[in-house]
Amino acid sequence: MNSAIELKNLEKSFGKTAIIRGVSLDVKAGERHAVIGPNGAGKSTLFNLISGRFLPSSGSVLLHGENITGLRPFEINRRGLSRSFQVTNIFPRLSVWENVRCAVLWSKGYKYSFWRNIDKLEDVRARTQEILELIGMTNRAEIPAGVLTYAEQRALEIGITIAGGANIILLDEPTAGMSRGEAENAVALIRKVSEGRTLIIIEHDMGVVFNLADRISVLVYGQIIATDEPAKIKANQKVQEAYLGTAGHD
Amino acid sequence: MSSAVKSYGVWILAAILLLILPYIFPAGASITTMCLIGIMVIFALSYNMLLGQTGMLSFGHAVYYGLAAFVTSHMINWAAKSGVPLPLPLIPVFGAAAGLFFGIVFGSVSTKRGGTAFAMISLGLAELVYSSSLILRSFFGGEEGISADRTKLIRLFGYNFGPQIQVYYLIAFWTLLCVILMYAITRTPLGRMCNAVRENPERVEFVGYNPQFVRFIAFSLAGLFAGVAGSLAAINIELAQASFVGAAQSGAVLLAAYIGGVAFFVGPVLGAILVTLLSIKLSDFSEIWVLYFGIFFITIILFAPYGLSGLLMMHAQFWRGPFGSKITRLGKLFGAYVVALIPALVMIFGAILLIEMIHHVAQKGAEGANMHFLRRNYLTVNTHTVLPWVGGVIAMIGGFFAFRFTWPTVANAWHNALVDAQRSGK
Ligand SMILES: Nc1ncnc2c1ncn2[C@@H]1O[C@H](COP(=O)(O)OP(=O)(O)OP(=O)(O)O)[C@@H](O)[C@H]1O
Ligand SMILES: [Mg+2]
C-alpha cells in the first residue's frame, strides 16, 4: 500500500524550546491512524505542521509522495487534506448552513466566482444538505453557529472538515468535552465519514482509540516512541511506562 | 411569473420610485439633494463591501472615488476636445475602470494583511495620494481642481445634460444599476466567502480559500463601485477637486455606512440618505453643525451599534400574526416611544440652546448680545440676560430626568410587545 502522509525527520521549535524533536511517520492510504500522548507532547503542533499552519524548523511533509513542506494551508487543503481544530474554529455569526456551504464551495470548483448566484448552485446545495444530515443538524441550519451548544459546535467542526470531500482527514480531539452519549455519536459519525479515506485522529479517550484505529502512534515529548497495531501498543512496555500506565484509564 | 415578481419586485419598485421622485420633490434644491444622495448611496455601499461584508476597516476609500472623479473630468475634456462621440451617460464606465485599476494597484499592497494593519495601510495610502494631488498639478489641477463642461459631449437622444433634472436621471440610472450589482455580489460564492473571511480568516484557509485573495477581489470591486460614485460626483458638479481624495471624504463614507448600519445591506443606503440630508440641512440652522453631527455619530455608536438598519430590524420580530394585531402591537410600542421622545427633545433643546449661546458669547461677542437661535430671526435670544441660560439649564437637566423617568415605560412596552408577538407567532 502506498503512503498518504509521510513525515521525514520533522522538527519544530518555538524560540529555543524544541516541541517536535525528529518525527518520522508513514501513514498508509486508507488507514485510520490515532496519535496519542500526554498533554503538551506536541500532538496538535504535529497537525499544525502537516496542515501548513506552522512551518517546520526542519524536515519535510509528503502528501501522496509530493513534498508539501512550506505550502500554505489552502494549497494543502486543495490537494485533499482537511483538518479540524482542538479549540472549535467555526464562523460564529454565520448560520450553520453557511458554515458548511463555505467549506463545500472550493471542492465544487466555484473558486472566487462573483457572477453566479450561490443559491442556484444545485451541487453545492445538495452537498451542504448531505453534510447537515450526516452531522444531524438539518433542523439547526438557520441558526448562527455561535449560539449552538458545545457538542453541536464540535459536530459542526467535523462537518466543516469533511464537507470538501478531502481524502485525508485530520481530527484533533473531536470528542473532547462531550458526554458519553455525544461521544458515541461522534465516533459513529467519524467511522462513517472516514470510510475509504485516510484518517489521522488525536484522541485522549482510549476506548475510542482502540476501537477505531488500525494503527496507533504514541507521541511523548516531541518524539514518537512507538507506532503499531492497537494490541501491540497496549502490550508495549515503553508505552506503558511513558503514557498508558498513567493515563490509560480515562 | 410570481417568483420573478418576488425577486425583481423590489427593484422594479425602486425604479418606479426613482422615476417619480422629481415629480414629488420638483424644487431645484431637492433635485440637487437627490443627486448627492444617489452618489453617496453607491459610495457607502461600495464601502460596506469592505467594512460590513469582509470586515476591512478602510480609512482611505475616497482615494478610488476621487481618482475616478479626476479621470472622469479628464475624459470629458478629452472627448469634448477631440470630438470622440462619447455620450455623457457612458462616462461612468471610465470612472469604474479607474476605480478598479487603482483598487487593483493599491489593493495588491494593502490586502495582504487584515485587521489593524490593513486599516493603517489604507490611511497611509490615502495620505500618499492626497499629498501627491498637491504636487502633480497637471493631473489634479492644483487648488482649482479640474473642471469639465458636461454639455460639450455628443448628445444622446437630444439631451445635453445641462439641466440638473437630466443629470438626476443619469445618476438615478447608475445608482440603481450599482445597487443591484452590489446586492447580487453578496449572493455569490465570493460574497459568502467575504463574510467567512470577516468572521474567521484563519479557518477560511483550511477550507481551500486564500483569505488574502478574497480581500483583494473585494477591495478591487469596492474600488470599481467607488469609482462610479466619484465619476458621478465629477459629472454632477462638473469639477474634480483634491478634496475628493481627502480624509474628510473618506471619513464621510465611513460615517454614512456606520450610521446606517453595516450588518444589513440596506444600512449604508439609509446612512447615505441621512448623512447627506444632515450635512445639507444642519448648516441652515447652525454654524457649528459639525459638532452636532459628531454628537449624533457618538450617540449612534454608543446606543445603536448596529445603526439605523439595526434599530429597524430589531422591530422585525414584532411583525408577526394577523395584520391588525401587528399594527396595534407596534402602535402601542411607538406610543411609548413618543412618551420618551418628548422629554428627550426638551433635553436636546436645552443642550443646543446652551451650546449656541456659549458659541455666540465666545466667538461673536462683537455682534452684540442678541443671538438668532438656530439662525431664525423670530427666535432672538438676549445672551446677556439670565433667563435663557437658566431656561437652557432647566430644560436640559429637567428633560434628562424626565426622560429617564420614561425608560421603564419603554422597557415595559417592549416586553409586552415581545410577549404578544410570541403568543401570536405560532
Ligand atoms: N504557537 C506556539 N508558540 C509557542 N509554544 C507553543 C505554540 N504552540 C504550542 N506550543 C507549545 O508546544 C507544546 C505542545 O503543544 P501541543 O498543543 O502541540 O500539545 P498537545 O500534545 O496537543 O497537548 P494537548 O493534549 O493538551 O492538546 C506546549 O508546551 C505548548 O505550550
Ligand atoms: Mg492538542
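A note on names: the letters A, B, ... follow the listed sequences, proteins ahead of strands, and every chain is numbered from 1. Note that the coordinates shown come from a computational prediction; the quantities given were computed from them, not determined experimentally.
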So which heavy atom on B:Y209 is nearest to which on A:Y112, and how close?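 So the two residues come closest at CD2-CE2, 3.6 Å.
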For residues B:R203 and A:R83, report the shortest heavy-atom separation together with the two atoms involved.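 Nearest pair, atom of B:R203 first, then A:R83: NH1-O, 3.4 Å.
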Which bit of B:L181 is near chain A, if near means a heavy-atom gap under 4.5 Å: side chain, backbone, both or neither?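 No part of it gets close to chain A.
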Is it the backbone or the side chain of B:A184 that comes under 4.5 Å from a heavy atom of chain A, or both, or neither?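 Nothing of B:A184, per the 4.5 Å heavy-atom cut-off to chain A.
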Close side-chain approach of [X] and [Y], heavy atoms under 4.5 Å:
X: B:F206; Y: A:I160; result: no
X: A:L121; Y: B:P189; result: yes
X: A:L94; Y: B:R198; result: yes
X: A:L105; Y: B:M193; result: yes
X: A:P92; Y: B:E199; result: yes
X: B:T188; Y: A:Y110; result: no

Sidechain N-carboxylate O distance under 4.0 Å for B:E205, A:R53: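 Answer for the salt bridge query: no.
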[X] [atom1] to [Y] [atom2] distance, which is reported to the nearest 0.5 Å:
X: B:Q212; Y: A:F74; atom1: CD; atom2: CZ; answer: 7.0 Å
X: A:N99; Y: B:N195; atom1: CG; atom2: CG; answer: 11.0 Å
X: A:F114; Y: B:I217; atom1: CZ; atom2: CD1; answer: 6.5 Å

For atom OH of B:Y306, is the number of surrounding heavy atoms from other residues, nucleotides or ligands below 6.0 Å larger than 12?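 Result for OH/B:Y306: open.
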So with a 6.0 Å cut-off around CZ of B:F303, is the heavy-atom count from everything else above 12?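 Check fails, neighbour count at 12 or below.
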Counting only non-hydrogen atoms closer than 4.5 Å, does A:T161 touch chain B with its backbone (N, CA, C, O), its side chain (CB onward), both, or neither?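 Answer is both: backbone and side chain atoms of A:T161 are under 4.5 Å from chain B.
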Below 4.5 Å from any heavy atom of chain B, which atoms of A:S82 appear? Answer side chain, backbone, both or neither.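 Answer is side chain: those atoms of A:S82 sit under 4.5 Å from chain B.
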In terms of heavy-atom pairs under 4.5 Å, which option from B:N210, B:V214, B:V207, B:I185 contacts chain A the most?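 Looking at each option in turn, the highest pair count goes to B:N210.
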Check for a donor-acceptor pair, side chain of B:N200 on one end and backbone N or O of A:F91 on the other, with a separation under 3.5 Å.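 Absent.
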